[in-house]
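Here's the structure, in structure tokens; my notes come after.
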Amino acid sequence: MKKNNKKGFTLMEMLIVVAIVAVLVAISIPIFTSQLEKAREATDVANMRAAKAVAVAQYLTDNTTGTFYYDAAAGTLVSSAPAAKYGKGTTADGGVTELGYAPTTATTGQVVKVVVAANGTVTLSWE
């Protein structure tokens, strides 16, 4: 007398599970990439915010004006563009628009340029 040993999944059950996983992956990829771009843009805006804070502090302490570049590694303003580029944003729109940041402009491989005017006005741009 043979035992009916019918353990396991049928091919149809396996195909249904694979289809469900494929749908979940297809839905999650755009969400993941948009959140990744939003994080990149938030990093860029944080660097701009830090550059502006350093420029204002430097202006208030010794009335320094001119064109500078923000060195993110040291957290200081330097006279020439630092070798280490820290821009992260791509042309994808992550929705971040603080400090005049253009979310559809690629900042990858760029640094923040800081211009401090004689009246203390600070202008930021990516270069």
Which residue pairs pass the salt bridge (charged side-chain N to carboxylate O under 4.0 Å, His left out) test with at least one member in residues 25-36, sequence neighbours excluded?
-> none

side-chain hydrogen bond (donor to acceptor under 3.5 Å, both in side chains) pairs, two or more places apart, involving residues 71-87 | none

Those residues at least two apart in sequence (or on a different chain) that pass side chain to side chain donor-acceptor pair (under 3.5 Å) with T105 are none

Residues which pass side chain to side chain donor-acceptor pair (under 3.5 Å) with T121, listed by chain and number, not counting sequence neighbours | N119

Residues that Q35 engages under side chain to side chain donor-acceptor pair (under 3.5 Å), provided they are two or more places apart | none

Taking only residues two or more places apart in sequence or in another chain, which ones pass side chain to side chain contact (heavy atoms under 4.5 Å, CB included) with T10?
-> M12, E13

Joining Ile, Leu, Val, Met, Phe, Trp and Tyr whenever any side-chain heavy atoms lie under 4.5 Å apart, the cluster holding L15 also takes in L11

Listed by chain and number, what are the side chain to side chain donor-acceptor pair (under 3.5 Å) partners of E37, not counting sequence neighbours?
-> R40, T90

List the atom pairs, donor and acceptor, that lie under 3.5 Å between side-chain atoms in residues 26-33 and the rest of the protein, sequence neighbours left out.
| from | atom 1 | to | atom 2 | distance (Å) |
| --- | --- | --- | --- | --- |
| S28 | OG | L24 | O | 3.2 |
| S28 | OG | V25 | O | 3.1 |
| T33 | OG1 | I29 | O | 3.2 |
| T33 | OG1 | P30 | O | 3.0 |

Side-chain donor/acceptor pairs under 3.5 Å, residues 91-104, sequence neighbours excluded:
| from | atom 1 | to | atom 2 | distance (Å) |
| --- | --- | --- | --- | --- |
| D93 | OD1 | G95 | N | 2.8 |
| E98 | OE1 | R49 | NH2 | 2.6 |
| Y101 | OH | D44 | OD2 | 2.8 |

Which residues share a side chain to side chain contact (heavy atoms under 4.5 Å, CB included) with D62, sequence neighbours left out = Q58, T64

Quick one: list whatever passes side chain to side chain contact (heavy atoms under 4.5 Å, CB included) with Y69, sequence neighbours left out.
-> V78, A81, P82, V111, K113, E127

